[in-house]
Undergrad: 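One structure coming up, written as structure tokens, with questions to follow.
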Amino acid sequence: MQYQSTRNKSISITAAQAIKKGLSEEGGLFVPDSIPSVSLDEIAGLKDMNYRERAEFILSKYLTDFTVEELKYCVENAYTKEKFETDNIAPVYKLNDKTYFLELWHGPTCAFKDMALQILPYLLTTSMKKTNENDEVVILVATSGDTGKAALEGFRDVPGTRIVVFYPDNGVSEIQKLQMITQEGDNVSVCAVKGNFDDAQNGVKRIFTDNGYKQMLAANHFKLSSANSINWGRLVPQIVYYFSAYADMLKADEIALGEKINIVVPTGNFGNILASYYAYQMGLPVNKFICASNKNNVLTDFINTGKYDKNRQFHTTISPSMDILISSNLERFLYHLSGRNDSFVAGLMQKLNNEGSYEIPADIKDKMTAIFAAGCTDDDATLAAIRNCSEEYGYVMDTHTAVAKSVYDNYVAETGDKTKTVIASTASPFKFNQSVLIALGGSEAVAGKDEFTLLGELAERSEMKIPQSLASLKTKPRLFESVCEKGEMIEVVNEFLQI
Ligand SMILES: *Cc1c(COP(=O)(O)O)cnc(C)c1O
């Protein structure tokens with residue numbers, strides 16, 4: 001299988017090359033040139049496999065240039081019981097006869113980004129070897145919180161890689177900051193930047209586009225790369241868990257083989273939900289996808305009207321990982337929906353760049369709404385969803401998952417759809433403990449309390465265990481306390497690389 005660019009399909013490269021490059025030169029994203037299929041018999045066969053075996057099976061369909069040994073190496077290093085605190089890796093929780101949560105947050109940073117970022121470093125270093133690159137990979141990340149920590153954990157101590165993460169001095173939560181500055185590993189570095197997220201991101205972008213600097217790095221046998229969500233190596237591992245959930249439900253006799261399910265995904269960059277769409281194209285039986293947004297509802301409007309328009313107010317919400325106005329992975333979806341029409345996609349992306357909006361023709365919109373529904377919700381409804389679910393079922397969700405639950409409840413009220421439904425649960429409630437506790441106990445439940453008191457309180461109320469990785473933050477040594485000016489980021493990288 002070869003990979004082509006969404007903006008120029010005459011480009012044809014291997015999976016290893018696509019993962020190494022990340023983004024195509026003309027700005028397009030890499031997609032497989034055909035969608036592999038998985039039969040119902042093969043799906044039934046997944047029942048008796050563990051998560052690693054399921055991952056190896058699905059990945060082998062896409063990474064056809066990887067050997068069995070290479071795939072095993074990647075999968076077995078990424079999805080360990082130690083890192084995920086459960087051997088199920090991505091367990092399914094049954095809420096009631098028709099609602100199931102696919103818990104994607106048992107990894108080391110307590111959010112679903114671990115599902116991809118635990119394996120990406122192995123896919124990337126294997127891809128480097130396969131394409132005869134001997135340089136060491138240097139990952140640069142600017143983060144507003146979650147991605148930086150997940151990338152640090154993923155790349156820590158992975159041979160042939162180094163990682164430097166920049167975060168805005170006053171732009172991340174206390175827990176997020178602690179997670180990053182206590183990071184262990186021989187190949188990691190973390191630095192605060194005086195400024196906001198944009199300052200940190202612009203600094204990283206400047207380094208990435210500085211050709212003289214990249215040549216200097218090359219002379220020292222280093223190659224820059226990013227752990228960005230547009231890389232195919234981040235998307236493909238996400239396809240696995242939708243098959244895994246279906247296999248678990250089959251195994252538990254919750255569904256019959258071939259029975260269609262709904263999939264609800266709290267969406268920001270459109271990566272997670274796109275992965276479920278790939279699973280469907282491969283043969284996973286799906287009735288409807290429900291795309292859930294918070295108040296930043298650009299995708300809800302797009303799916304309901306066919307018009308994408310980012311010219312709107314940006315809202316800061318209690319589900320911050322979905323506070324996004326440009327959903328970059330939508331480009332891949334448009335490419336597939338339009339029957340791989342690269343010039344059509346290039347045109348839309350140019351309009352998005354120039355005018356901030358575009359509209360798709362009615363026939364393509366109809367193809368989309370035949371299988372996609374969408375809805376949005378606000379912070380109050382999100383808090384209410386957490387409270388109601390806890391009161392009714394004793395199950396406590398994080399804020400992002402609660403957006404999905406709230407949108408799903410509205411969808412059922414409107415449509416009466418009784419199809420069994422899997423809701424992607426994207427973060428541990430402990431990661432967003434402040435908002436979750438407000439939902440459960442009102443604002444007095446959090447007033448004047450520090451993060452660690454809040455963790456304990458949430459453990460009590462939810463009857464859940466505090467994830468070890470968060471509980472241990474309190475006593476971990478703070479290893480990275482430096483702060484740099486936004487103009488000094490290159491020097492920070494140089495010092496770390498000792499060049
Ligand atoms: C990143 C993230 C999302 C959004 O996922 P996309 O793939 O960007 O759509 C949802 N929830 C949480 C907790 C996240 O970290």
Side-chain angles (χ1 to χ4, degrees), residues 29 90 101-118 120 141 143-154 172-173 175-176 179 197 227-242 263-279 289-300 302-303 317-333 372 374 376-377 382 385-386 396-408 423-436 467 470:
L29 308 189
F101 286 106
L102 169 55
E103 296 182 346
L104 301 171
W105 41 261
H106 292 276
T109 75
C110 306
F112 97 98
K113 304 269 187 310
D114 289 329
M115 298 302 300
L117 279 165
Q118 280 296 315
L120 177 70
V141 182
T143 186
S144 54
D146 282 348
T147 304
K149 176 62 183 178
L152 283 164
E153 274 299 324
V172 301
S173 78
I175 284 265
Q176 286 174 325
Q179 278 188 310
F197 172 63
N228 204 297
S229 76
I230 48 174
N231 192 311
W232 179 250
R234 264 191 73 174
L235 196 61
V236 69
Q238 299 187 262
I239 300 172
V240 176
Y241 47 71
Y242 291 104
I263 295 178
V264 189
V265 185
T267 306
N269 239 328
F270 209 76
N272 202 2
I273 195 165
L274 181 70
S276 68
Y277 178 73
Y278 275 109
F289 296 98
I290 299 151
C291 176
S293 300
N294 62 26
K295 216 170 167 191
N296 295 295
N297 58 356
V298 63
L299 284 168
T300 313
F302 173 65
I303 290 170
T317 73
I318 56 171
S319 45
S321 303
M322 297 158 66
D323 291 345
I324 285 174
L325 290 180
I326 297 190
S327 301
S328 44
N329 263 301
L330 196 59
E331 178 165 350
R332 287 188 165 107
F333 186 51
F372 270 73
C376 57
T377 199
T382 305
I386 295 173
V396 176
M397 306 177 282
D398 98 290
T399 48
H400 303 76
T401 310
V403 166
K405 176 71 164 60
S406 170
V407 166
Y408 171 62
I423 298 175
S425 176
T426 52
S428 158
F430 288 98
K431 190 144 198 190
F432 298 93
N433 54 25
Q434 177 113 9
S435 301
V436 173
L470 296 183

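Small disclaimer: the values here were computed from a predicted structure and weren't measured. First listed ligand is number 1; within each ligand, the first listed atom is number 1.
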Undergrad: List every atom of ligand 1 that sits less than 4.0 Å from any heavy atom of Gly271, numbering the atoms from 1 in the order shown and giving each element.
TA: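 Taking each heavy atom of Gly271 in turn, ligand 1 has 6 (P), 7 (O), 9 (O) under 4.0 Å.
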Undergrad: Would Asn272 count as a polar contact of ligand 1, with the cut-off being nitrogen or oxygen pairs under 3.5 Å?
TA: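 By distance alone, the answer is yes.
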Undergrad: Going by atom types alone, do Thr399 and Ser319 pair a side-chain donor with an acceptor below 3.5 Å?
TA: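 No, no side-chain donor-acceptor pair sits under 3.5 Å.
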Undergrad: Atoms of ligand 1 less than 4.0 Å from Ala427 heavy atoms?
TA: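 Heavy-atom distances to Ala427 below 4.0 Å select 13 (C).
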Undergrad: Suppose I only count heavy atoms of Pro266 and a 4.0 Å limit; which atoms of ligand 1 are within that range?
TA: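 Counting atoms of ligand 1 from 1, those under 4.0 Å from Pro266 are 4 (C), 10 (C).
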Undergrad: Please check whether Thr267 reaches ligand 1 - meaning an N/O of the residue sits under 3.5 Å from an N/O of the ligand, judged on distance alone.
TA: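 There is no such contact.
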Undergrad: Measure the acute angle between the ring planes of Phe333 and Phe270, then classify it against the limits of 30° and 60° as parallel, tilted or perpendicular.
TA: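 Ring orientation of Phe333 relative to Phe270: tilted.
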Undergrad: Return a yes/no value for Thr426: is any of its N or O atoms, backbone included, closer than 3.5 angstrom to an N or O of ligand 1?
TA: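 Yes; the residue has a nitrogen or oxygen that sits under 3.5 Å from a nitrogen or oxygen of the ligand.
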Undergrad: To the nearest 0.1 Å, how far is atom 3 (C) of ligand 1 from its closest protein heavy atom, and which atom is that?
TA: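 Result: Phe112 CE2, 3.6 Å.
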Undergrad: Compare all side-chain heavy atoms of Val265 with those of Tyr242 and state whether any distance is below 4.5 angstrom.
TA: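 Result yes, sub-4.5 Å side-chain heavy-atom pair found.
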Undergrad: Between Ser425 and Leu102 (side chain of the first, backbone of the second, donor and acceptor by atom type, cut-off under 3.5 Å), is there such a pair?
TA: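 Looks like no, no N/O pair under 3.5 Å.
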Undergrad: In terms of atom number and element, which parts of ligand 1 are under 4.0 angstrom from non-hydrogen atoms of Asp146?
TA: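 Listed by number with element: 15 (O).
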Undergrad: Counting only heavy atoms closer than 4.0 Å, does ligand 1 sit against the backbone of Phe270, its side chain, both, or neither?
TA: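 Answer for Phe270: backbone.
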Undergrad: Out of all atoms in ligand 1, which are within 4.0 Å of some heavy atom of Gly268? Include the element for each.
TA: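 Those of ligand 1 that fall under 4.0 Å from Gly268 are 4 (C), 6 (P), 8 (O), 9 (O).
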Undergrad: In the protein, what heavy atom is nearest to atom 6 (P) of ligand 1, and what distance, to one decimal place, separates them?
TA: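 In this structure, atom 6 (P) of ligand 1 has Asn269 N, 3.5 Å as its nearest protein heavy atom.
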Undergrad: side-chain hydrogen bond (donor to acceptor under 3.5 Å, both in side chains) with Glu103: which residues, sequence neighbours excluded?
TA: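 Listed in chain order: His106, Tyr395.
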Undergrad: Before giving the answer on side-chain hydrogen bond (donor to acceptor under 3.5 Å, both in side chains), spell out for Arg332 and Asn329 the whole-Å C-alpha distance, their side-chain angles and the decisive distance to 0.1 Å.
TA: CA-CA 6 Å; Arg332 287 188 165 107; Asn329 263 301; 2.7 Å; yes
Undergrad: Does any N/O atom on Gln238 come nearer than 3.5 Å to any N/O atom on ligand 1?
TA: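 Not met; the criterion fails.
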Undergrad: I need the nearest protein heavy-atom contact for atom 15 (O) of ligand 1: residue, atom name and distance, please.
TA: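 For atom 15 (O) of ligand 1, the nearest protein heavy atom is Lys113 NZ, 2.6 Å.
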Undergrad: Is there a donor-acceptor contact under 3.5 Å from the side chain of Asn269 to the main chain of Ser328?
TA: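 Yes: the side chain of Asn269 pairs with the backbone of Ser328.
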Undergrad: In this structure, which one of Phe101, Phe112, Trp105, Phe432 forms a ring pair (Phe, Tyr, Trp, His ring centres under 6.0 Å) with His400?
TA: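 It is Phe432, the one option of Phe101, Phe112, Trp105, Phe432 that forms the ring pair (Phe, Tyr, Trp, His ring centres under 6.0 Å) with His400.
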Undergrad: Which is it for Lys431 and ligand 1 at heavy atoms under 4.0 Å: side chain, backbone, both or neither?
TA: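 It is neither; nothing of Lys431 touches ligand 1.
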Undergrad: Mind checking what makes side-chain hydrogen bond (donor to acceptor under 3.5 Å, both in side chains) contact with Asp146, not counting sequence neighbours?
TA: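 Once residues adjacent in sequence are excluded, the partners of Asp146 under the side-chain hydrogen bond (donor to acceptor under 3.5 Å, both in side chains) criterion are Gln176, Ser321, Lys431.
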